[in-house]
Amino acid sequence: MMREPGHARVNYVGARVVDVVRSTVLEDAVLVTEGTRVSGFGRRADYPRELPGQVVDCTGATIVPGLFNCHVHLALDGDATPYPIKLPYLRSLAEPDLFAIYAEQARRNLLAGVTTVRDTHPGPGGQTTTYLVLQEALRRGLLVGSRVYLSLRPLVVPGGHGTHWLSRAVSGADETVRAVRENVAEGANLIKLMTAFAWGPLPGKPESWSRYFAPAELRAAVDTAHGHGLPVAAHAHGTKAILDCVAAGVDSIEHGTGLTPELVELMAQRGTFLVPTLASYHNFHRAGPGHGETDARVGDSDYVRRRQREGLELAIRAGVRIAAGTDSGFVYLPHGDVIVDELELYVECGMSPMGALRSATRTAAQLVGVVDELGSLEPGMVADLLVVDGAPDKEITALRAIRRVVKEGRAIEPDAGSPLNAEPLSRNVVRTEMQNTRP
Ligand SMILES: [Zn+2]
């Protein structure tokens, strides 16, 4: 694929430009990119009538920074295939087929305007090197897809959530330190800890209330990761598990069912991020009944989604830093514009549309540790941006009306295919297997 020459200048003219640094909108603006970077934006009246380079008419459109999704699983496509069928299937695949699945999910994210994702748990099988190859291929522009940051193998306790996926089981501070170092050596961009049950604390299920790690293990993980300059993301549910994580200094609470007024105050004080993943159980609750989920599971999803909403409302009021993430890949949660479902839920919980835009751009970039490069349209930033119809700073749903996705200064064709032709590899095969397996 031909790359544009490094100096190519593009002028986006007549758009509203959302400034997520100052939480303002510039009307009738010009935004200029040169090569892979934003060179600046300002009022149209301040630019000459004749502009050198390419001119893109953006009348009626709004430009926002490329979106982040801070919690995805590229190994999973988010379709309705039940895990008892999907997971053994994924474990049976060879690395090139797994690579094709991951690449396809990265492509779907990018086409929906998600220019950066954080993969917070590799799949149930395969090699972590396959993810690293994918990351490098995307970085070099060999594939069409989001930029990817990787947790590689999460730390789990023996028998806990995540044990039967790619993970590192640890007991005690020494093993925890070693596991973090092994992830660092392998090339992880963040350290993921599985500090609680998969679904969160559920009524009548005492096992779901366990705290997996001892405080000393959490501190060992955080100290070691921070020593290497990496953030720590904790899959955490339940008031006590979350409190342990915040006290140990983790950077983000993922999911976070069971927040209390005291906990959100502490998180706000300490600067702990919340990655809410509200869309996951919201969509499960909505889609599950039509796909044969039991009443008990649908009931559990309803319980969790309600607790998560209550927690997010508290967190918004307390001023907790909220970085958008969905859990894309989870059942009924396909990659792509599900990020907009997530942001719509934030707005329902009391966040302003501008706040929701910040959570998926600048705040997310702060969490990932790339705020000097990504997440806003300041001069010199990487030119990741979306041109959308309407005004997402007023109606967040306008993020679905994409006119153009730009990654590193280059417009992505709406029908950009994966060079691997990865198109529903998992989908077709898994569907066929389902038909054969189902009674
Ligand atoms: Zn997840």
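Note that ligands are numbered from 1 as they come in the structure, with each ligand's atoms numbered from 1 the same way. For reference, positions follow the sequence shown, starting with 1.
Around atom CD of Glu348, more than 12 heavy atoms belonging to other residues, nucleotides or ligands sit under 6.0 Å away. The environment of CZ in Arg168 is crowded: more than 12 heavy-atom neighbours from other residues, nucleotides or ligands sit within 6.0 Å.
With Glu373 as the partner, the salt bridge (Lys or Arg N to Asp or Glu O under 4.0 Å) test is satisfied by one option alone out of Arg37, Arg362, Arg147: Arg37.
In this structure, a donor-acceptor pair under 3.5 Å is present between the side chains of Asn189 and Gln135. The closest side-chain donor-acceptor pair between His71 and Glu254 falls under 3.5 angstrom.
Under the 4.0 Å criterion applied to side-chain N and carboxylate O atoms, Glu408 and Arg139 are not assigned as salt-bridge partners.
Protein atoms that are N, O or S and lie under 2.8 Å from the Zn ion (ligand 1) are these: His71 NE2, His73 NE2, Asp327 OD1.
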